[in-house]
Amino acid sequence: MSTETTAAAPAAGTDLGRAPAEVRTDIPRFLPVAGHHDPAPFYLTSDMFGGVPVQVAGGPVDHLVGRPVADPHRHEVDEIYFLVSPHPGGARIEVHVDGARHELSSPALLRVPAGAEHCFLTLEAEPGSYCFGLLMGERP
């Protein structure tokens with residue numbers, strides 16, 4: 001895994017007061033998350049790009065049908081589940097949030113409030129289906 005980051009030089013005639021574009025190739029980063037069975041792949045962390053306060057974790061779910069990736073757990077920040085697939089309805093997950101069951105069919109978003117106990121199970125997923133967790137703060 002590469003840890004390369006690059007900054008592009010400003011083009012002639014551009015505003016030199018703006019930060020240059022930055023490319024990151026040190027992704028995903030596999031980080032431990034409370035309640036998860038294995039380290040989670042993070043594609044954006046809060047220490048990248050000057051401390052942006054959003055983190056993005058997740059990945060493909062077609063190989064996870066019927067296999068939970070985490071026990072019920074909580075985060076100190078809001079989390080938004082983002083479920084996508086190549087075709088509408090190509091992925092379905094069951095999400096439990098503070099005892100309430102929600103079934104999502106792709107494409108879909110679901111907000112888990114900070115402090116809420118939650119977990120999800122993939123019910124079905126065609127190849128190319130992904131579920132991402134967008135953590136709206138610095139701590140997973």
Side-chain angles (χ1 to χ4, degrees):
M1 174 170 39
S2 169
T3 58
E4 172 189 349
T5 63
T6 60
T14 60
D15 180 358
L16 297 179
R18 279 190 259 176
E22 185 178 342
V23 175
R24 305 276 319 210
T25 60
D26 56 339
I27 56 175
R29 290 182 180 175
F30 289 86
L31 302 173
V33 178
H36 285 244
H37 301 158
D38 295 306
F42 278 80
Y43 294 90
L44 176 64
T45 62
S46 60
D47 65 335
M48 294 178 179
F49 306 113
V52 100
V54 176
Q55 299 191 91
V56 178
V61 292
D62 56 314
H63 67 290
L64 296 174
V65 174
R67 294 179 36 216
V69 297
D71 295 325
H73 61 283
R74 303 171 190 273
H75 299 292
E76 295 178 19
V77 298
D78 285 359
E79 180 174 14
I80 297 172
Y81 282 131
F82 178 34
L83 180 65
V84 293
S85 62
H87 304 97
R92 287 186 314 113
I93 63 173
E94 177 180 286
V95 184
H96 292 264
V97 180
D98 280 342
R101 180 185 177 278
H102 305 274
E103 188 172 312
L104 305 181
S105 181
S106 61
L109 297 165
L110 178 130
R111 178 181 161 262
V112 177
E117 184 178 76
H118 63 284
C119 63
F120 82 89
L121 177 68
T122 303
L123 301 175
E124 68 177 283
E126 66 182 328
S129 297
Y130 291 81
C131 186
F132 292 101
L134 287 75
L135 295 153
M136 309 308 289
E138 296 187 17
R139 295 187 175 165

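A continuous path of ILVMFWY side-chain contacts below 4.5 Å connects I27 to V56, so both sit in one hydrophobic cluster. Residues Y130 and I93 do not share a hydrophobic cluster, clusters being chains of Ile/Leu/Val/Met/Phe/Trp/Tyr side chains in contact below 4.5 Å. Note on V54: it clusters hydrophobically with F82, by side-chain heavy-atom contacts below 4.5 Å among ILVMFWY residues. Linking Ile, Leu, Val, Met, Phe, Trp and Tyr whenever their side-chain heavy atoms come within less than 4.5 Å leaves L110 and V77 in two separate clusters.
A donor-acceptor pair shorter than 3.5 Å can be found between the side chains of D71 and H37. In the model, T45 has a side-chain atom that pairs as donor or acceptor with a side-chain atom of R29 under 3.5 Å.
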Mind running side-chain contact (heavy atoms from CB on, under 4.5 Å) on R67 and L121 for me, showing each step along the way? CA-CA 7 Å; R67 294 179 36 216; L121 177 68; 5.7 Å; no
Could you check V33 against H75 for side-chain contact (heavy atoms from CB on, under 4.5 Å), going step by step and ending with a plain yes or no? CA-CA 9 Å; V33 178; H75 299 292; 3.6 Å; yes
Check step by step if ring-ring contact (aromatic ring centres under 6.0 Å, His included) holds for F132 and Y81. CA-CA 6 Å; F132 292 101; Y81 282 131; over 10 Å; no
Evaluation steps, side-chain contact (heavy atoms from CB on, under 4.5 Å), between I80 and M136: CA-CA 8 Å; I80 297 172; M136 309 308 289; 4.2 Å; yes
Please determine whether side-chain contact (heavy atoms from CB on, under 4.5 Å) holds for the pair D78 and V112, giving the CA-CA distance in whole Å, both sets of side-chain angles, and the decisive distance to 0.1 Å. CA-CA 6 Å; D78 285 359; V112 177; over 6 Å; no
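For the pair H36 and L31, the minimum side-chain heavy-atom distance is 4.5 Å or more. Annotation: side chain of T122 is not in contact with side chain of C131 (no heavy-atom distance under 4.5 Å). Residues L135 and F42 meet the side-chain proximity criterion, which asks for heavy atoms closer than 4.5 Å. Taking the side chain as every heavy atom from C-beta outward, L134 and E79 never approach each other to under 4.5 Å. By the 4.5 Å heavy-atom criterion applied to side chains, P68 and C119 are not counted as neighbours. A heavy-atom distance below 4.5 Å is not found between the side chains of L83 and R92.
Between H118 and the choices H96, H73, H102, the ring pair (Phe, Tyr, Trp, His ring centres under 6.0 Å) rule is met once, by H73.
A distance-only check finds no donor-acceptor pair linking the side chain of D62 to the backbone of E126 [under 3.5 Å]. Remark: the backbone N or O of A91 is paired with a side-chain donor or acceptor of S106 at under 3.5 angstrom.
The shortest heavy-atom contact between G90 and S129 is O-OG, 3.7 Å. Residues G89 and S105 approach most closely at CA-OG, 3.4 Å, considering heavy atoms. The shortest heavy-atom contact between V65 and E124 is CG2-CA, 3.9 Å. Residues F120 and V95 come closest through the heavy atom pair CB-CG2, 3.9 Å. Counting all heavy atoms, side chain and backbone alike, P107 lies closest to P88 at CD-CA, 4.3 Å.
Open room surrounds NE2 on H87; 12 or fewer heavy atoms of other groups in view lie less than 6.0 Å from it.
Distance CD/E117 to CZ/R74: 5.0 Å, rounded to 0.5 Å.
Partners of F49 under the side chain to side chain contact (heavy atoms under 4.5 Å, CB included) rule, at least two apart in sequence or in another chain, are E22, R24, L44.
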